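Note that these values count all heavy atoms, side chains included, but never hydrogens, waters or copies made by symmetry. The structure displayed is predicted, hence computed values, not measured ones. The chains referred to below are lettered A, B, ... by the order of the sequence lines, with proteins before strands, and numbering in each begins at 1.
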Number of protein chains: 2
Amino acid sequence: MPRVTLADVSRHAGVSRSTASLVLNDSPTIPLSTKTRVRQAMAELGYVYNRQAATLRNQKSMAIGLAVTEVSNPYFAELAMALDDAAYANGYTVVVGYSRDDTERQDHLISTLLERGVDGLILLPAALSEATSIDRLLAGSRTPLVLLARHFNLAHDYVGADNRTGGQLLGRHIQSIGARTVALVGGPEYTSARVERTEGMKSVFDSAGIRLEPSTVLASETTPAGGAKATAELLDSGILPDVIVAYSDVIAGGIYAELHARGLEPGRDIAVAGFDDIPGSAQMIPPLTTVATFPNKIGTACAEMIFSRIADPEPDNGHEHVLIEPRLRIRASTASWRPRTPS
Amino acid sequence: MPRVTLADVSRHAGVSRSTASLVLNDSPTIPLSTKTRVRQAMAELGYVYNRQAATLRNQKSMAIGLAVTEVSNPYFAELAMALDDAAYANGYTVVVGYSRDDTERQDHLISTLLERGVDGLILLPAALSEATSIDRLLAGSRTPLVLLARHFNLAHDYVGADNRTGGQLLGRHIQSIGARTVALVGGPEYTSARVERTEGMKSVFDSAGIRLEPSTVLASETTPAGGAKATAELLDSGILPDVIVAYSDVIAGGIYAELHARGLEPGRDIAVAGFDDIPGSAQMIPPLTTVATFPNKIGTACAEMIFSRIADPEPDNGHEHVLIEPRLRIRASTASWRPRTPS
DNA sequence: CAAAACTACTGGATCGATCCAGTAACGTGA
DNA sequence: TCACGTTACTGGATCGATCCAGTAGTTTTG
């Protein structure tokens, strides 16, 4: 049996297709009596709205594309869910794809989302992707783009954490507990977030005389296992800093494990801190000091921005960067640490 | 400027729309010379394929809908990403939505996905959802449905872990370390997965004389904080079992924290085990014994099933249940525990 | 009471890719 | 040389909701 269309509904209700369509869109020009009659017909026939057809005619898909690297990182998961919440609240649907930090796959993904006619595109760029290739894909399309959590420069709309401030907050805290040497462990080789967090800390360290040598800045996969591996490398090189800062909290679990395996207790023998404040950071042993970056707020702000760009694609004020204020959560992993008294 | 259509391309290349369409689909009836000419025209004009239009004509959207409760649980995140991988490999796109374990939102989500004309629907049902309301939404549509990770009965296609076997594996291990009393902590009040895991363990416990009283089976949110809270309740009631089994590994982190807060060391004073083997379980302190359930395998199998249902919607052999074999990972959280010697 | 204004509704055209039946041009074999 | 086959291509109709210009009928107004 063929699918039930608006034409079938209108025939069954004794009106025209146009009228049935107006009822669907709850037009004020149709009296309630007619509306109920048409709606009844829809229910009786089991009518299902065909949004493809409407999209074709309207040039509006009521869908937003979300291209994100991955979601096994709970931080990104929170972002994606906050975006979905906002989309849902605004009647939009999310079409999603994961680049897995692969630029080729990201390019393919962006093309696919554009083919599907998404009204707006949100991109959490793969670690090594470049602005030019993304701009090339978007060229010609009027689909607004908002970058999420990572950015290239000021040439795109962007919503993310204020990583620099976050780095400063943590840097000042590290200074306040009397630490003299710091290592930075984990995270992808290069992302704007990592650079900004590091720069934020450095700006404090430099004026406080705290050492963060390039040799103690190690990249890793953003997983507990990656964190453990990078920590092993660090300790194998004979360096034992006062503080290890994890690029993100997921990595910190691995740092704890590797320290433990070597008889070092995090929070007592060495301070540890992270970024993001994912669920679980407060339940680590000891609880992890971290810079909360509020992925739900970022996701919500990002959704707001894309919706405003969909409504008005070319604002006068150029590209906008919205930075969500981070907040330091001091917990035992740094708070219970004491500097070794020079004997 | 209006969008570039196939008509524009064909005009520019000096062929008909039909020919341009055949080139798009790489038809063997078109000689290479014509193909290159048309493709050149596409490149020159910056043509972007409009899949909406094709979908309307074809009755095939090349999209699958994924309705999942949430993705902040890394287990579900892995599932979603494995599904996306398989979709990507088969030229499909994923349209996603999160029900957040809310049945109303789930219903809305399913309707939306059907409106969007997805070729297949994958559902990880909200904890309290019922088969009837889902069947009602799907009635009339020919969209195949596959349930993921949770199911109702045998009336739907389903892919998930073999939770019963997983429970048995863990149960036997618990028996082998000499434990006599067990508590089960965390997870939603009712899901098929929880029931099956519990039943699997019970079947071993009952014949081994191990006690798992209803009063030591506590539900919680599936987060570390939820696990901590449930553990506090358990211990507050004055019960100290030999083993605490977490419904899933995310919860185990909270169990560790709460035990620690009360001066109990997991793996020494009390054994702890979980389910899923998420990234991080091996880096817990002590490393967590768990039943690996391979979300990537489940996601892949689920994708395979939906694609075969899309190709052939009504197989003779009724509804299929595919269960992925779990595997026990024995680690220190149980392996280093010793029963208290009766003094 | 005629003109204007409003209410309730309608039919054809449209969005863009695809399918289908068909055609013109050319080559081949008896 | 003509029927037949093949190759390369074409134009109109189609999917289903929506827009637009328009119309019949009713009510209001000068």
Colleague: Nearest 0.5 angstrom please: B:T55 OG1 to B:M62 CE, how far?
Modeller: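 Rounded to the nearest 0.5 Å, the OG1-CE separation comes out at 9.5 Å.
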Colleague: Flag the pair A:H321 / A:H151 as yes when their ring centroid distance falls below 6.0 Å, and as no otherwise.
Modeller: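 Close enough - the centres of the two rings lie under 6.0 Å apart.
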Colleague: Consider the side chain of A:P31, meaning its heavy atoms from C-beta on, and name the nucleotide among C:dG16, C:dT10, C:dA8 that approaches it most closely.
Modeller: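 When the side chain of A:P31 is considered, C:dA8 is the closest of C:dG16, C:dT10, C:dA8.
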Colleague: Checking all strands, does A:T34 fall into the base, sugar-phosphate, or nothing category for heavy-atom contacts under 4.0 angstrom?
Modeller: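 Contact class for A:T34: sugar-phosphate only.
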Colleague: Tell me the interatomic distance from B:L56, atom CG, to C:dT14, atom C1', rounded to whole angstroms.
Modeller: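 Taking atom C1' of C:dT14 as the reference, CG of B:L56 is at 12 Å.
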Colleague: Under 3.5 Å, which N/O atoms of the protein pair with N/O atoms of nucleotides 17-21 of chain D?
Modeller:
{"unit_1": "D:dA17", "atom_1": "OP1", "unit_2": "A:Y47", "atom_2": "OH", "d": "2.5"}
{"unit_1": "D:dA17", "atom_1": "OP2", "unit_2": "A:L6", "atom_2": "N", "d": "2.5"}
{"unit_1": "D:dA17", "atom_1": "O3'", "unit_2": "A:Y49", "atom_2": "OH", "d": "3.4"}
{"unit_1": "D:dT18", "atom_1": "OP1", "unit_2": "A:Y49", "atom_2": "OH", "d": "2.6"}
{"unit_1": "D:dT18", "atom_1": "OP2", "unit_2": "A:S21", "atom_2": "OG", "d": "3.0"}
{"unit_1": "D:dT18", "atom_1": "OP2", "unit_2": "A:N25", "atom_2": "ND2", "d": "3.3"}
{"unit_1": "D:dT18", "atom_1": "O3'", "unit_2": "A:N58", "atom_2": "OD1", "d": "3.4"}
{"unit_1": "D:dT18", "atom_1": "O2", "unit_2": "A:R57", "atom_2": "NH1", "d": "2.8"}
{"unit_1": "D:dT18", "atom_1": "O4", "unit_2": "A:R17", "atom_2": "NH2", "d": "2.6"}
{"unit_1": "D:dC19", "atom_1": "O4'", "unit_2": "A:R57", "atom_2": "NH1", "d": "3.4"}
{"unit_1": "D:dC19", "atom_1": "N4", "unit_2": "A:S18", "atom_2": "OG", "d": "3.4"}

Colleague: Do B:R116 and A:T93 meet the criterion of a side-chain donor-acceptor pair at a distance under 3.5 Å?
Modeller: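 A donor-acceptor contact under 3.5 Å links the two side chains.
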Colleague: Considering the terminal five base pairs at each end of the helix from C:dC1-D:dG30 to C:dA30-D:dT1, what angle separates the two local helix axes, rounded to 10°?
Modeller: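 Answer for the end axes of this duplex: 50°.
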Colleague: Just how far, in rounded Å, is P of C:dC9 from NZ of A:K35?
Modeller: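 Checked: the NZ to P distance equals 11 Å.
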Colleague: I need the CG-P distance between B:L32 and D:dA8, as an integer number of Å.
Modeller: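 Roughly 11 Å, once rounded to whole Å.
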Colleague: Could you check if a side-chain atom of B:L83 sits within less than 4.5 angstrom of a side-chain atom of B:V94, using non-hydrogen atoms only?
Modeller: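 In short, these two side chains do not touch, never coming nearer than 4.5 Å.
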Colleague: To the nearest Å, how far apart are B:R11 CZ and D:dT10 P?
Modeller: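 Atom-to-atom, B:R11 to D:dT10, this comes out as 13 Å.
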Colleague: Can you see whether A:S21 engages A:S18 through a side-chain donor-acceptor pair at a distance of less than 3.5 angstrom?
Modeller: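 Checked: A:S21/A:S18 side chains show no N/O donor-acceptor pair below 3.5 Å.
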Colleague: Looking only at side-chain N and O atoms, does A:D119 offer a donor or acceptor that is under 3.5 Å from a partner on A:S61?
Modeller: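 Side chains of A:S61 and A:D119: pair found under 3.5 Å.
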Colleague: Taking the ring of A:Y92 and the ring of A:F307, is the distance between their centroids below 6.0 Å?
Modeller: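 Centroid distance A:F307-A:Y92: below 6.0 Å, so yes.
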Colleague: B:D101 and B:T69: side-chain donor and acceptor closer than 3.5 Å?
Modeller: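 Short answer, no.
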